[in-house]
Visitor: 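Sharing a structure here in structure tokens format.
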Amino acid sequence: MPELPEVEIVRRDLAKLRGSTIVRIESSDRRVFDARASVVGGVLREVGRRGKWLRLELDGGLVFSHLGMTGDWTLRRPDEASLPFERVRMDVERRGKVTSARYTDPRRFGRFITTASDIDAWRELGPDPWLDGIDEERVLGFMKKRKRAVKEVLLDQSLLAGVGNILAIEALWNAKIDPRTPAGRLNARDVHEIAKGLRAIIARTLAYDEKMVKAKGHIKAPFRVYGHAKEPCPRCGTTLEAIVQGGRGTTFCPHCQRSHWRP
DNA sequence: CGGCATGTTGCGCA
DNA sequence: TTGCGCAACATGCC
């Protein structure tokens with residue numbers, strides 16, 4: 001369940017384990033699990049996140065976790081059986097009590113890496129729009145250099161880490177900007193609207209995810225256009241269109257998401 | 001059965 | 001060197 005807000009929810013859950021000692025890590029999955037250093041025996045000091053990457057800081061080591069498309073972490077008692085699609089099990093102990101963190105991932109696009117130093121993927125991430133804020137001048141400069149559609153550029157993790165397909169679609173709808181607009185044609189005001197749009201959808205999705213954690217009942221997803229192709233635009237009533245950009249689906253309103261772009 | 005999916009990487013080609 | 005399109009990864013769901 002991964003985009004910035006979902007990963008943030010997972011981070012908060014794992015942060016409950018701060019101060020614990022890693023007592024055991026097990027995985028038979030060579031695709032997901034990459035052991036570059038031994039971290040067993042290390043004490044978990046901090047659970048960080050930038051974009052979609054989780055970074056567990058230990059005394060004498062690091063653990064990086066990426067949820068791919070279908071990854072998730074669940075805290076269980078150590079005696080509980082393996083979960084369906086469980087790929088990694090990490091047991092930690094604090095004051096004699098053992099908690100077993102289970103990483104599940106049906107599609108196995110995720111990664112779990114134990115290492116002694118920061119990995120390239122982490123170092124190459126841009127700022128996190130939620131934790132670090134959005135430097136609009138930098139975003140504009142980045143956009144100015146590209147010819148691709150703004151929607152595709154927003155998915156570049158070196159621009160703003162954590163923006164995925166849904167957030168990009170929703171932010172552009174919030175900003176009333178056509179996702180096909182060549183990035184280089186955006187102006188400062190467009191970038192300002194996109195920044196506002198991103199902050200809004202991140203806040204909205206986080207709030208939704210927080211409710212989901214508590215109330216088990218079904219809550220309506222907070223998305224205005226993602227998953228709503230062929231339905232009326234919530235703003236103007238025009239039928240929402242679905243297109244493919246860079247191999248990913250995009251939904252948008254052909255009427256109110258125009259800005260200054262013309263085909 | 002066919003098509004689509006909240007992500008990323010790697011390959012071939014212009 | 002760079003950018004782009006697309007397949008691949010693996011599985012569930014509609």
Side-chain angles (χ1 to χ4, degrees), chain A residues 1-11 27-34 49-54 64-73 83-88 103-113 119-126 128-130 142-173 179-180 182-184 198 201-210 212-213 218-231 240-252:
Chain A
M1 323 250 329
E3 252 184 74
L4 186 158
E6 290 73 35
V7 182
E8 173 60 18
I9 296 292
V10 171
R11 187 198 68 75
S27 175
S28 54
D29 197 310
R30 310 297 238 121
R31 162 169 292 281
V32 170
F33 183 45
D34 178 2
R49 176 189 65 74
R50 196 190 299 156
K52 304 167 196 169
W53 277 99
L54 291 163
F64 286 92
S65 170
H66 193 292
L67 276 37
M69 199 85 104
T70 53
D72 195 15
W73 280 98
L83 302 174
F85 308 113
E86 186 177 305
R87 308 302 185 191
V88 181
Y103 177 68
T104 54
D105 188 352
R107 289 174 76 175
R108 299 199 288 155
F109 288 178
R111 294 290 178 270
F112 179 94
I113 303 167
I119 59 175
D120 289 347
W122 173 264
R123 288 192 307 241
E124 289 161 9
L125 291 175
D128 184 287
W130 191 246
F142 194 98
M143 292 288 179
K144 281 290 177 204
K145 285 184 274 188
R146 332 260 144 172
K147 294 176 181 171
R148 318 196 86 176
V150 57
K151 155 71 171 11
E152 296 177 53
V153 176
L154 278 175
L155 298 180
D156 186 330
Q157 299 299 295
S158 72
L159 170 60
L160 291 170
V163 178
N165 206 38
I166 297 179
L167 295 186
I169 289 169
E170 295 290 317
L172 288 170
W173 182 84
R180 300 166 296 183
L198 272 173
I201 187 59
I202 291 170
R204 192 175 161 84
T205 308
L206 258 179
Y208 165 77
D209 289 339
E210 284 162 5
M212 285 294 275
V213 170
H218 189 60
I219 309 170
K220 198 173 156 228
F223 308 124
R224 305 271 203 343
V225 284
Y226 173 81
H228 295 288
K230 296 181 185 170
E231 294 173 30
L240 298 173
E241 276 183 28
I243 58 174
V244 175
Q245 296 182 283
R248 315 290 306 278
T250 302
T251 308
F252 72 108

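Proteins come first, then strands; the chains are lettered A, B, ... in the order of their sequence lines, and each starts at number 1.
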Visitor: Separation of A:Asp34 atom CG from B:dT9 atom C1', in whole Å?
Guide: 15 Å
Visitor: Spell out, as yes or no, whether a donor-acceptor pair under 3.5 Å connects the side chain of A:Gln245 to the backbone of A:Lys151.
Guide: no
Visitor: Could you state the interatomic distance from CZ (A:Arg50) to CD (A:Glu124), rounded to the nearest 0.5 Å?
Guide: 11.0 Å
Visitor: Expressed as a whole number of angstroms, how long is the span from A:Tyr226:OH to B:dA5:P?
Guide: 7 Å
Visitor: Give a yes or no answer on whether the side chain of A:Gln157 reaches the backbone of A:Leu155 with a donor-acceptor pair at less than 3.5 Å.
Guide: yes
Visitor: Could you check how far CE of A:Met69 sits from C1' of B:dT8, rounded to whole Å?
Guide: 9 Å
Visitor: Please tabulate, one pair per line, each protein N/O and nucleotide N/O from nucleotides 1-4 of chain C that are separated by under 3.5 Å, including the distance.
Guide:
{"residue": "C:dC4", "atom": "OP2", "partner": "A:Arg148", "partner atom": "NE", "Å": "3.1"}

Visitor: Return the value, rounded to whole Å, for the distance between atom CD1 of A:Ile169 and atom P of B:dT6.
Guide: 7 Å
Visitor: Write down the distance between CZ (A:Phe64) and P (B:dT8), rounded to a whole number of angstrom.
Guide: 15 Å
Visitor: Could you state the interatomic distance from CZ (A:Phe223) to OG1 (A:Thr205), rounded to the nearest 0.5 Å?
Guide: 4.5 Å
Visitor: List for me each residue that meets side chain to side chain contact (heavy atoms under 4.5 Å, CB included) alongside A:Phe109, sequence neighbours excluded, and say none if there are none.
Guide: A:Met69, A:Arg107
Visitor: Using whole Å, what does the distance between atom P of nucleotide B:dT8 and atom CG of A:Asp156 come to?
Guide: 10 Å
Visitor: From CG of A:Asp120 over to P of B:dG10, roughly how many Å is that when rounded to an integer?
Guide: 11 Å
Visitor: Measure from CG on A:Leu160 to P on B:dG7 and round the result to the nearest Å.
Guide: 15 Å
Visitor: In terms of relative ring orientation, are A:Phe64 and A:Trp122 parallel, tilted or perpendicular, with 30° and 60° separating the classes?
Guide: tilted
Visitor: What would the secondary structure line of DNA chain B be in dot-bracket form, counting Watson-Crick and G-U wobble pairs under 3.5 Å, with [ ] for pairs that cross earlier ones and | for pairs with another strand?
Guide: .||||.||||||||
Visitor: For the CH2 atom of A:Trp130 and the CD atom of A:Glu8, what is their distance to the nearest 0.5 Å?
Guide: 9.0 Å
Visitor: Could you measure between the two P atoms, the one in B:dA5 and the one in C:dC6, and give it in whole Å?
Guide: 15 Å
Visitor: Step by step, would you call A:Asp29 with A:Arg108 a side chain to side chain contact (heavy atoms under 4.5 Å, CB included)?
Guide: CA-CA 9 Å; A:Asp29 197 310; A:Arg108 299 199 288 155; 2.8 Å; yes
Visitor: Determine: side-chain N/O of A:Arg248 to OP1/OP2 of B:dT6, distance under 4.0 Å, yes or no.
Guide: yes
Visitor: Please report the distance separating the P of B:dT9 from the corresponding atom of C:dG12, rounded so that it comes out in whole Å.
Guide: 24 Å
Visitor: Hey, does the side chain of A:His66 come within less than 4.0 Å of B:dG7's phosphate (OP1/OP2), counting only N and O?
Guide: no
Visitor: May I ask you to say whether A:Asp128 pairs ionically with A:Arg49, meaning some side-chain N is under 4.0 Å from a carboxylate O?
Guide: yes
Visitor: May I ask you to say what A:Gly247 touches in the nucleic acid, namely base, sugar-phosphate or nothing, with a heavy-atom cut-off under 4.0 Å?
Guide: nothing
Visitor: Please identify each residue that fulfils ring-ring contact (aromatic ring centres under 6.0 Å, His included) with A:Tyr103, with sequence neighbours left out.
Guide: A:Trp73
Visitor: May I ask you to decide if A:Leu167's main-chain N or O and A:Glu170's side chain share a donor-acceptor pair within less than 3.5 Å?
Guide: no
Visitor: Taking only N/O atoms, report every protein-nucleotides 10-14 of chain C pair under 3.5 Å with atom names and distance.
Guide:
{"residue": "C:dA10", "atom": "OP1", "partner": "A:Arg31", "partner atom": "NE", "Å": "3.2"}
{"residue": "C:dA10", "atom": "OP1", "partner": "A:Arg31", "partner atom": "NH2", "Å": "3.4"}
{"residue": "C:dA10", "atom": "O4'", "partner": "A:Arg107", "partner atom": "O", "Å": "3.1"}
{"residue": "C:dA10", "atom": "N1", "partner": "A:Arg107", "partner atom": "NE", "Å": "3.1"}
{"residue": "C:dA10", "atom": "N1", "partner": "A:Arg107", "partner atom": "NH2", "Å": "2.4"}
{"residue": "C:dA10", "atom": "N3", "partner": "A:Arg107", "partner atom": "NE", "Å": "2.9"}

Visitor: Using the salt bridge (Lys or Arg N to Asp or Glu O under 4.0 Å) criterion, which residues pair with A:Glu86? Sequence neighbours excluded.
Guide: A:Arg102
